[in-house]
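All remarks here apply to the structure that follows.
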Amino acid sequence: MISSDSTPVSYLRDPDVLLMLRVQGGDHAAFVQLVDAYQSRLLGLMTHMVSDRTAAEDLVQETFLRVYRARDRYEPRARFSTWLFHIAGNLARNRLRKLKRRREQSLDQAEAGVTGDLRPGATLLERSSLMPVRQVSQQETKVRVQEALDSLSERQRLAVLLSKFEGMSYSDIGLTMGLTEPAVKSLMFRARENLRIALQGLIQGEEGP
Amino acid sequence: MNAQDRLHESHESPRGPLPDGIQHEDLVAYLDGEVDEQLALRIEAAVADDVAVQAQLNALDATWGLLDSLPTPIASEELTQRTIQSLGVIAAAPSAFRQHRSSVAKWVRLLVWGGGILLSTVAGFSLTFRDHSRQDRELIRDWPVIQQLKDYTRIGSVEYLDELRDEEVFRESSENE
């Protein structure tokens with residue numbers, strides 16, 4: 001459970017915390033309201049985390065399942081969204097680790113004799129610096145931005161998504177990810193710097209004639 | 001930390017020098033609205049004085065803006081249903097069943113009460129009407145007597161009437177009629 005210095009009482013002003021307390025009391029309709037309110041936001045986070053819509057939908061369901069199962073133990077120690085995204089972030093990172101292990105295993109088994117760096121992030125970084133500056137289509141922009149996002153470490157990616165799409169402060173990101181505020185500041189800097197490098201071709205393209 | 005994390009988290013990116021008291025992390029925190037007012041003023045002064053700082057800040061900001069091009073997935077109604085149903089199978093079903101059962105019990109109670117009230121009403125009406133019919137029948141039967149009650153009272157006794165009948169005082173009048 002997420003802990004914070006704030007008193008639990010202060011979180012009782014969060015309407016979603018109140019809904020979750022109703023869920024705890026057996027109000028099924030309150031849970032449906034929470035699903036309605038957060039489903040698309042979670043789907044956005046998961047889709048950008050795992051880059052796969054089907055897997056993202058599974059993860060959204062898994063997140064709500066965990067929330068529901070944990071309802072008896074729920075205590076309002078943070079905003080509901082902080083708790084929810086904490087669970088979601090952990091699930092997404094676990095999924096990515098599993099995928100990565102599977103990929104590494106299949107690469108080891110293949111032993112294709114490839115000596116180059118196959119990591120998508122490295123490929124992207126190299127590509128971005130070598131790529132000639134040119135105008136790109138919107139679709140290509142989307143693809144390259146998603147690739148840039150994918151090239152970040154799991155923690156960087158989660159921090160970026162929570163900040164960008166959930167509008168979370170460093171303090172809330174810290175609560176969600178179990179990090180201190182200075183650690184989040186440092187993480188955000190590295191993430192944005194990596195994005196800047198990965199996408200500099202696009203930025204120069206935009207700024208160019 | 002794995003190899004990829006190390007690659008990204010220790011990556012030395014090309015970035016220019018900054019004035020004393022300002023770190024590169026502060027530029028990002030400034031864009032994220034996470035610095036105090038004093039530091040914000042120092043950064044703004046640095047941006048105004050130094051084109052290189054301005055360029056760094058612009059590049060970071062533009063990169064952030066590019067994330068807006070990512071699609072925003074919307075959860076379908078079907079996903080909502082699936083999510084609720086998956087939970088329903090595990091935990092909500094007994095609760096829903098309890099709700100359903102309680103609702104049925106409520107209806108049964110209502111029906112019993114309603115039926116009772118209806119039966120009482122019907123019974124009350126039928127008793128009242130039966131009693132009224134009996135009274136009416138008696139009234140019809142006794143009506144001739146009631147009509148003559150004043151004369152009968154004046155006559156005084158039934159025995160006297162019997163005597164008059166025995167003397168065939170009424171025969172003539174009844175034959176004339």
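To find a chain, count down the sequence lines: A is the first, B the second, and so on, and within it residues start at 1. Hydrogens, waters and symmetry mates play no part in the numbers below; they use all other heavy atoms, side chains included.
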So which atom in [X] and which in [Y] form the shortest heavy-atom distance, rounded to 0.1 Å?
X: Phe165(A); Y: Leu67(B); value: CZ-O, 3.6 Å
X: Glu34(B); Y: Ser169(A); value: OE2-CA, 3.2 Å
X: Trp64(B); Y: Met188(A); value: CH2-CE, 3.8 Å

Between Gln146(A), Gln39(A), Arg192(A), Lys142(A), the one whose heavy-atom pairs under 4.5 Å with chain B are most numerous: Arg192(A)
CD1 of Ile84(B) to OH of Tyr68(A), rounded to nearest 0.5 Å, is 9.5 Å
Mind checking the CG-CZ spacing from Asn58(B) to Arg196(A)? Nearest 0.5 Å is all I need. 11.5 Å
Hits for salt bridge (Lys or Arg N to Asp or Glu O under 4.0 Å) against Glu77(B), two or more places apart or cross-chain, chain-then-number order -> none
Sorted by chain and residue number, the salt bridge (Lys or Arg N to Asp or Glu O under 4.0 Å) partners of Glu37(B) (sequence neighbours excluded) come out as none
Excluding sequence neighbours, so at least two apart, what forms side-chain contact (heavy atoms from CB on, under 4.5 Å) with Ala92(A)? Met46(A), Met49(A)
What residue, out of Thr83(B), Asp68(B), Leu27(B), has the most heavy-atom pairs lying under 4.5 Å from chain A? Thr83(B)
Looking only at Thr80(B), Leu31(B), Leu60(B), Val28(B), the option with the highest number of non-hydrogen pairs under 4.5 Å against chain A is Val28(B)
Structural part of [X] lying under 4.5 Å from a heavy atom of chain B:
X: Val145(A); value: both
X: Arg53(A); value: side chain
X: Ser186(A); value: both
X: Val160(A); value: both

Cut-off 4.5 Å, heavy atoms of chain A, and the answer for Glu25(B) is both
Proximal to chain A - members of residues 69-76 of chain B, heavy-atom separation under 4.5 Å: Ser69(B), Leu70(B), Pro71(B), Pro73(B), Ile74(B), Ala75(B), Ser76(B)
Counting only heavy atoms from other residues, nucleotides and ligands, does the tally under 6.0 Å from CD of Gln38(B) exceed 12? no
Would you mind reporting whether Lys185(A) and Asp26(B) have side-chain heavy atoms less than 4.5 Å apart? yes
Can Gln61(A) and Leu79(B) be said to form a side chain to side chain contact (heavy atoms under 4.5 Å, CB included), step by step? CA-CA 8 Å; Gln61(A) 282 191 304; Leu79(B) 177 62; 4.2 Å; yes
